[in-house]
Amino acid sequence: MSNCSSRALTLLSSVFGACGLLLVGIAVSTDYWLYMEEGIVLPQNQTTEVKMALHAGLWRVCFVAGREKGRCVASEFFHGPDTDIVTENTANILKTIRSATPFPMVSLFLVFTAFVISNIGHIRPQRTILAFVSGIFFILSGLSLVVGLVLYISSINDEVMNRPSSSEQYFHYRYGWSFAFAASSFLLKEGAGVMSVYLFTKRYAEEEMYRPHPAFYRPRLSDCSDYSGQFLHPEVWHRGRSPSEISSDVSIQMTQNYPPAIKYPDHIHISTSPC
């Protein structure tokens, strides 16, 4: 990844984010997370007879075999008195998987927010912080989704393990393509998050590389001053004076300002003798 340019990272993060948003949106809105089939084993010829088959999503349960064939009901109403469920364990599975429903919804909201922020950051690349914020949202969206997937799987496994074994009944279940879309979306969103954060570090490093050092700037004296552009020419900067130069200037000024000595005419002789 260190060899990728900023343009390549921008393109990849956008593609990964868009694909992750699309897949999790399809997964949340469809009813093919789980397939279940339940029936009995005929003792005469050891064949099976399907009593009930369904596919379930986060919001609906649709029956594809049995007395309820062709009927779809909302998840909160599937266990009503007018719904024919063969065993109580099957009903419990459909009840417990509802605990995982909020996490994919939160993930969908977070990935949508991350996608919007990421595109704004691509349109205005000078706002480097937007790439970092979108990366954090992508990563949080993936984590929220994986928590929901883990709860979904664990709820099903707990009910299947507690299911009483019987040679006269059989039960099969498998995960559908909606579940596969959600799992794939997790990988895409985490990839988009990592690339967005790396894009932020790359842009920040480029800004630091081309940013002049503060020592190269000197304050302007005035807009009309002849020295207003001297910060562009370091060779003309005014340098500080050493203490020896200052002391020599002071001594020269004192010599120039000292009053001249009194001169006497040549014909006047002042005697210093005491006599």
Side-chain angles (χ1 to χ4, degrees), residues 1-35 55-60 97-157 174-211:
M1 188 179 291
S2 59
N3 296 326
C4 293
S5 62
S6 297
R7 184 174 298 179
L9 289 172
T10 300
L11 179 61
L12 288 175
S13 62
S14 297
V15 171
F16 276 46
C19 292
L21 175 61
L22 179 63
L23 290 181
V24 74
I26 294 174
V28 168
S29 60
T30 52
D31 307 321
Y32 296 89
W33 282 66
L34 181 66
Y35 291 93
H55 60 82
L58 300 178
W59 315 105
R60 288 196 314 170
I97 60 178
R98 291 175 55 195
S99 62
T101 302
F103 293 96
M105 294 300 301
V106 173
S107 176
L108 179 61
F109 172 76
L110 291 175
V111 71
F112 178 77
T113 305
F115 184 72
V116 172
I117 295 175
S118 176
N119 282 281
I120 295 175
H122 297 336
I123 295 172
R124 298 183 176 181
Q126 67 273 15
R127 296 189 175 183
T128 312
I129 192 63
L130 293 179
F132 179 77
V133 174
S134 65
I136 296 300
F137 271 90
F138 275 125
I139 293 173
L140 291 177
S141 174
L143 293 177
S144 175
L145 180 59
V146 77
V147 169
L149 294 178
V150 170
L151 286 176
Y152 193 87
I153 295 172
S154 61
S155 299
I156 297 173
N157 290 339
R174 60 186 175 90
Y175 298 102
W177 56 265
S178 297
F179 183 89
F181 275 21
S184 302
S185 175
F186 162 72
L187 299 177
L188 291 171
K189 288 185 288 188
E190 293 300 312
V194 171
M195 283 186 286
S196 296
V197 173
Y198 186 74
L199 178 62
F200 162 75
T201 59
K202 198 173 185 66
R203 286 178 178 173
Y204 185 79
E206 290 175 355
E207 289 181 359
E208 289 296 320
M209 182 183 301
Y210 294 106
R211 181 179 300 169

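Position 1 is the first residue of the sequence, and the numbers go up from there. Any value given below was found using the heavy atoms of this structure, including those in side chains, with hydrogens, waters and symmetry copies removed.
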Just distance, no hydrogens or angles: give the donor-acceptor pairs under 3.5 Å from side chains in residues 175-184, sequence neighbours left out.
unit_1 : atom_1 : unit_2 : atom_2 : d
S178   : OG     : T30    : OG1    : 2.6
S178   : OG     : Y32    : N      : 3.3
S184   : OG     : A180   : O      : 2.9

Discussion item. Among residues at least two apart in sequence or on other chains, which ones pass side chain to side chain contact (heavy atoms under 4.5 Å, CB included) with T113?
Written reply: F109, I117, F137
Nearest non-hydrogen partners of [X] and [Y], listed with the distance:
X    : Y    : result
A192 : F16  : CB-CB, 3.8 Å
S14  : F115 : O-CE1, 4.0 Å
S99  : S155 : OG-OG, 3.9 Å

Spacing of [X] atom [atom1] and [Y] atom [atom2] [to the nearest 0.5 Å]:
X    : Y    : atom1 : atom2 : value
L143 : L145 : CG    : CG    : 9.5 Å
S13  : Y198 : OG    : OH    : 13.0 Å
L34  : I156 : CG    : CD1   : 4.5 Å
T10  : N119 : OG1   : CG    : 10.5 Å
L199 : T128 : CG    : OG1   : 9.0 Å
S107 : F112 : OG    : CZ    : 13.5 Å

Fill in: Summary of salt bridge (charged side-chain N to carboxylate O under 4.0 Å, His left out) pairs that have at least one residue in residues 13-34, sequence neighbours excluded
D31-R60
Item to complete: Verify, without hydrogens or angle tests, whether W59 (side chain) and T101 (backbone) share a donor-acceptor contact under 3.5 angstrom.
Response: no
Worksheet item: Can any side-chain N or O of S134 pair as donor or acceptor with the backbone N or O of L130 at less than 3.5 Å?
Response: yes
Worksheet entry | Residue among L23, I139, V24, V194 satisfying side chain to side chain contact (heavy atoms under 4.5 Å, CB included) with K189 | V24
Worksheet item: For F132, which residues count as a ring-ring contact (aromatic ring centres under 6.0 Å, His included) partner, sequence neighbours excluded?
Response: F200
Worksheet entry | Pairing residues for S144 by the side chain to side chain donor-acceptor pair (under 3.5 Å) criterion, not counting sequence neighbours | none
Using a 3.5 Å cut-off and no angle test, enumerate the donor-acceptor pairs between side-chain atoms of residues 146-154 and protein atoms at least two apart in sequence or in another chain.
unit_1 : atom_1 : unit_2 : atom_2 : d
S154   : OG     : V150   : O      : 3.0
S154   : OG     : L151   : O      : 3.0

